[in-house]
Number of protein chains: 2
Amino acid sequence: MIGITSLRVFVHVADCGNIRDAAARLYRTPSAVSMTLKSLEQDLGAPLFESDRKNRLTALGAEVRGIAAEMLREHDRALERVEAVATGRQGRLQLASVPSVAAELLPGLLAEFLDARPGVTIELVDTDSRSVHAMVADGTVELGIAGVAAPAAGLSFAPLFRDPFRLVCRRGHKLAARAHPLGWTDLAGERIIGNNAAAAIVAEEYRALVAASTLRARNVISLLALVRAGAGVTLLPQLATVSLTPDLVALPLADPAAEREVGVVLREGRSPSPVCRAFLGGLTEACRAPISAARPLDGAGERQ
Amino acid sequence: MIGITSLRVFVHVADCGNIRDAAARLYRTPSAVSMTLKSLEQDLGAPLFESDRKNRLTALGAEVRGIAAEMLREHDRALERVEAVATGRQGRLQLASVPSVAAELLPGLLAEFLDARPGVTIELVDTDSRSVHAMVADGTVELGIAGVAAPAAGLSFAPLFRDPFRLVCRRGHKLAARAHPLGWTDLAGERIIGNNAAAAIVAEEYRALVAASTLRARNVISLLALVRAGAGVTLLPQLATVSLTPDLVALPLADPAAEREVGVVLREGRSPSPVCRAFLGGLTEACRAPISAARPLDGAGERQ
DNA sequence: AATGAACTTCAGTTAATCTGAAATATGGGT
DNA sequence: ACCCATATTTCAGATTAACTGAAGTTCATT
């Protein structure tokens with residue numbers, strides 16, 4: 001059988017015009033090249049060169065050289081692509097994330113990641129935690145970044161970081177003057193604007209407060225607009241508060257349990273694609289050493 | 001390094017959904033397939049299948065399968081082409097021939113040859129012997145069929161058959177009544193129409209006769225038209241006379257030296273392409289056993 | 001005809017790949 | 001939850017393919 005290596009040897013010899021140089025290029029001895037060539041000619045049943053000095057091709061040799069050279073180019077290109085895909089230098093990554101991470105953490109990370117891997121395509125969807133889990137579960141996206149959810153069948157959750165909730169109010173609000181973290185009792189009488197993120201808070205006191213409230217917003221933009229307009233105050237994870245406009249402030253809470261846990265959601269039993277794996281590496285690293293992240297996580301605490 | 005055989009094994013397993021069937025297709029034992037697959041995954045640095053039962057691909061596996069399958073198709077196609085070219089089932093044959101052979105011998109031979117080799121292209125030029133040699137010498141055609149010429153540098157001549165000259169005249173001509181082969185003296189007083197083919201006759205007597213003649217034609221059509229019109233008689237190789245119209249006859253000559261030798265002209269030091277070699281095989285066979293040829297050579301002698 | 005460079009041949013070695021047997025893992029059925 | 005049939009993996013030994021280095025041959029040149 002004619003092998004691809006034989007043809008590669010032949011093309012090199014045809015290019016070089018002699019065996020010695022071709023052998024050097026192939027990191028083989030001339031004798032190895034000579035034998036390979038001989039067996040190729042035997043397989044073909046006809047000579048490829050006119051003379052022993054391999055500087056003139058036969059008609060057959062010229063045809064075979066053309067076909068083989070093209071085939072080798074295709075082959076090498078395909079192999080390169082396979083390797084690129086396997087190492088995550090090429091491929092598509094579909095991911096879903098909660099808005100806060102998508103807005104504050106991902107932009108810098110993704111830009112850096114794409115710069116380093118020109119062959120990679122990324123599709124990012126930002127939606128609430130519940131939808132992120134759903135999209136991972138049904139295969140719409142490969143990777144999700146969200147808070148913990150009820151342990152659904154076939155999903156895995158790996159924690160990335162914990163993120164304490166803050167009270168967001170107008171700068172002139174009376175609570176903004178408080179020097180110490182706020183207890184739940186401090187919020188009595190305030191109108192709490194409910195939101196999806198804050199649904200992660202398990203404290204009974206908060207649940208009672210928000211149950212009493214009559215206002216609820218889904219989108220962060222409109223939520224903050226309500227606060228800015230004096231319609232009430234709200235609770236948001238710290239990460240969602242790092243880019244507040246100057247007329248709003250984010251105040252720490254005393255309850256250490258008032259926090260969400262953000263992590264990575266994957267489909268169980270599906271080994272992530274190399275692109276995904278590579279991105280996960282960058283993501284966990286960015287969360288372990290937040291200083292290097294585009295927007296520091298802990299650094300947002302300077303208003304405390 | 002990732003080899004083409006590893007990828008072929010992988011694609012087969014992916015197609016079959018299990019190792020056992022793939023091994024059967026590949027004429028290998030399951031253990032060999034398993035090991036090949038393992039080493040491929042090691043080379044890639046990531047798994048290609050989700051589980052040991054090879055019925056679900058990873059994201060990487062799916063991508064690699066696509067790339068590899070295409071690459072293998074290209075590879076196999078190229079290899080097939082190489083083999084077809086090497087065995088003469090595919091390729092182009094440019095040949096030049098003297099008109100008599102081109103008209104009487106080649107048509108049937110070429111038709112048969114092309115029927116047996118659908119991938120072959122043939123380009124046929126018919127011209128006089130001298131031009132045939134020239135076209136072979138300058139590489140315009142690979143193969144020539146012509147009479148012997150002055151031994152030119154770089155050309156080889158291999159005899160195919162000898163072809164005696166005949167006198168061509170009108171059926172009512174006085175020479176047509178002669179029961180025996182004609183001697184040169186019998187032609188005294190006849191107007192001999194000169195032609196390219198007859199230039200191969202070396203007999204002094206003929207040379208004198210034709211030198212005395214004032215008429216000469218290059219093309220066989222016009223040559224025969226002249227004879228038919230009673231402008232004179234001419235000498236043609238027997239092969240050129242097998243399809244004469246009924247108003248003309250071809251009479252044998254007594255001089256055994258009045259013949260041409262037709263053979264194959266090739267460029268020396270160029271090994272012929274496989275198509276050419278295959279055609280040469282058919283050609284020499286047809287000339288050795290002329291009964292099988294479309295138009296028999298010796299059978300034309302029935303008028304003698 | 002002698003010379004030197006390039007190629008081929010040969011025998012022995014090395015590396016890759018395969019086989020068959022045994023061990024291990026998997027998934028359906030009870 | 002366990003068992004069984006089936007599939008896969010592992011391992012050691014065997015086979016095959018490919019390579020090296022030395023010696024021999026061929027070819028063009030002087």
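So that the names make sense, note that chain A is the first sequence line, chain B the second, and so on, each numbered from 1.
- In this structure, the side-chain contact (heavy atoms from CB on, under 4.5 Å) partners of Ala96(A), at least two apart in sequence or on a different chain, are Val125(A), Val132(A), Met135(A), Val141(A).
- Nearest nucleotide to the Met35(B) side chain, out of dT8(C), dA5(C), dC18(C): dC18(C).
- Each of Arg28(A) and Leu37(B) has a nearest nucleotide on DNA chain D; the 5'-most of these lies closest to Leu37(B).
- The shortest distance between the side-chain N/O atoms of Lys54(A) and the OP1/OP2 oxygens of dT8(C) is below 4.0 Å.
- Nucleic acid contact for Thr36(B): sugar-phosphate only, since backbone atoms but no base atoms lie under 4.0 Å from a heavy atom of the residue.
- For Ala137(B), the side-chain contact (heavy atoms from CB on, under 4.5 Å) partners are Leu155(B), not counting sequence neighbours.
- To the nearest angstrom, P of dT26(C) lies 16 Å from CZ of Phe49(B).
- Candidate nucleotides dT10(D), dA6(C), dT20(D) were compared by shortest atom distance to the side chain of Arg20(A), and dA6(C) ranks first.
- In the set dC7(C), dT8(D), dT20(D), the nucleotide with an atom closest to the side chain of Asn18(A) is dC7(C).
- When only modelled atom types and interatomic distance are considered, Arg89(B) and Thr87(B) share a side-chain donor-acceptor pair under 3.5 Å.
- Between Phe157(B) and His133(B), the ring planes are parallel. Angles under 30° get that label, and only those over 60° would be called perpendicular.
- The residue among Gly17(A) and Thr29(B) whose nearest nucleotide of DNA chain C is located toward the 5' end is Gly17(A).
- For the pair Lys38(B) and dT10(D), the criterion of a side-chain N or O lying under 4.0 Å from OP1 or OP2 is met.
- Among the nucleotides dT20(D), dA7(D), dG4(C), the one closest to any side-chain atom of Arg53(A) is dG4(C).
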